[in-house]
Amino acid sequence: MSEKPWDGRFSEKTNRFVEIFTSSINIDKRLYSYDIEGSIAHCKMLAKQSIITEEDASSLIHGLGKIKRDIDRGKFLFDDSLEDIHMHIESRLLQDIGKVAQKLHTARSRNDQIALDVRMYLRYETLYILKNLVDFRELIVDFAKTHIDVVLPGYTHLQRAQPILLSHQLMAYYEMFSRDCDRFRDALKRINIMPLGSAALAGTTYPIDREYTAELLDFPQISANSIDSVSDRDFIIEFLAAASLCMVHFSRISEELVLWSSSEFGFIELSDSFSTGSSIMPQKKNPDIPELVRGKTGRVFGDLIALLSIMKSLPLAYNRDMQEDKGPLFDAVDTLKACITIYIKMLPELRINKEAMFEAVSKGFLNATDMADYLVTKGMPFRLAHICVGKIVNSAINENKELHEMTLKELRPFSSLFKEDVFDILTTNRMINRRESFGGTATKNVKAAIKQAEVDIKKENENFIA
Ligand code: ARG
């Protein structure tokens, strides 16, 4: 049991079970470096405003620096009677530098302090995630570029629909992850706001300079309302929503990899170093990585729902419920980062079975739409062409043939519009390359999309450096 900052008001010691129950140190200790950086900026501001002396500020800053080095080196004892990271650091400061430590918390409350720490943490992690997502998008583009000649069936309802380029499908994921980057970038604008100086909830009577603290901590903006500053966790929820959507995209690509690596599809093979075996069935090679990514998606959704539920109906301003925000936030950050990293490592290891993909395109009447389009170009209204080709497909099924295996003689009874040239447009190559409407799968479109993506990625990477 330790001394508490609120001991003056209390005549009884805190119950040991209460200490354990209210403690968050095991979770929030990972905020220590932000907590210390924030405290150092706060000290500098207090000194600049003559709220404390330069001399006091310099011993506080010196003491805080030493605590940071001790925690970095694992030479710091955490103890749940000290509740959270803020109290740990302050109490250690008192031991190390004596009474002057008691001046650190002037014009500050743990309520604005924790808001600051989490914002600094999340700003760092969001930028890290963004950088990694850009790297991953770059890998997708490289992969699409080197596999530009690979054709596979595009699916709707998981039924073979029309032939597409594998690169076109991959670039669809590129688009999804690009929007994820946009969402994280947008969330960052609202994460990157400095709340310190709001104190407990109403601001402070000291002549503080919040703009100066913000400048020291590299925040472009300070929060406008002290009550909102200590009670807002929207910025976390926005991050978790963006993370959840990003995980949706990872889970969809994962699902395709799981399906494609099955012997039923046989479209891809995951390298041995990125698969696992079965403890009982010697023949098995399991796609555990995409499966786990798919599974971890549920976890991140849970983190989002947890935060929404914690915040729902809370009266203003700070409530202790909000201490429960960090577990889900840290979990989502760790999970998303792990999923991006494993995909960055796994994607280049993916082997494509070009022949199996092509084989799948040649069966299942994937050229039926093109045959109908042919009749349209010869003057038949599309709806009638659809019915006509439907009948042809029906008869081809009975004959156990594909459309391109039928003869002109067999086609003519269905429509006299059929000529020998119908067979030219039924080939996979023509089917793909005739789809040159903007955003379509024609090779020249996909190549242009790849080129554009390369330009965009280069620009995004330059912005990180700037
Ligand atoms: N550990 C608290 C949290 O994570 C810090 C703020 C505590 N404030 C208070 N008045 N008890 O939210």
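Order of appearance sets the numbers: ligands from 1, and atoms from 1 within every ligand.
- Closest to atom 11 (N) of ligand 1 among all protein heavy atoms lies Arg110 NH2, 3.4 Å.
- Ligand 1 has no N or O atom lying under 3.5 Å from any N or O atom of Arg233, backbone or side chain.
- Proximity of Thr213 to Asp209: side-chain heavy atoms (C-beta onward) are nowhere separated by under 4.5 Å.
- Residue Asp84 places at least one N or O, backbone or side chain, under 3.5 Å from an N or O of ligand 1.
- Between atom CG of residue Leu152 and atom CZ of residue Phe358 there is a gap of 11.5 Å, rounded to the nearest 0.5 Å.
- In terms of protein heavy-atom proximity, atom 8 (N) of ligand 1 is nearest to Asn111 OD1, 2.9 Å.
- Listed by first then second residue, pairs satisfying salt bridge (charged side-chain N to carboxylate O under 4.0 Å, His left out) with a partner in residues 188-203 read Asp186-Lys189, Asp186-Arg190, Arg190-Glu238, not counting sequence neighbours.
- Sorted by first and then second residue, the salt bridge (charged side-chain N to carboxylate O under 4.0 Å, His left out) pairs involving residues 130-144 (not counting sequence neighbours) are Arg137-Glu460.
- For Lys326, the closest heavy-atom approach to ligand 1 falls below 4.0 Å.
- Close approach to Gln323 involves these atoms of ligand 1, each under 4.0 Å from a residue heavy atom: 1 (N), 2 (C), 3 (C), 4 (O), 12 (O).
- Residue Phe78 qualifies as enclosed at atom CZ: its count of foreign heavy atoms under 6.0 Å is above 12.
- Atoms of ligand 1 found under 4.0 Å from any heavy atom of Ser24 (numbered from 1 in listed order, with element): 1 (N).
- From the protein, the heavy atom lying nearest to atom 12 (O) of ligand 1 is Tyr318 OH, 2.5 Å.
- A salt bridge links Glu462 to Lys458: one of the charged nitrogens lies within less than 4.0 Å of a carboxylate oxygen.
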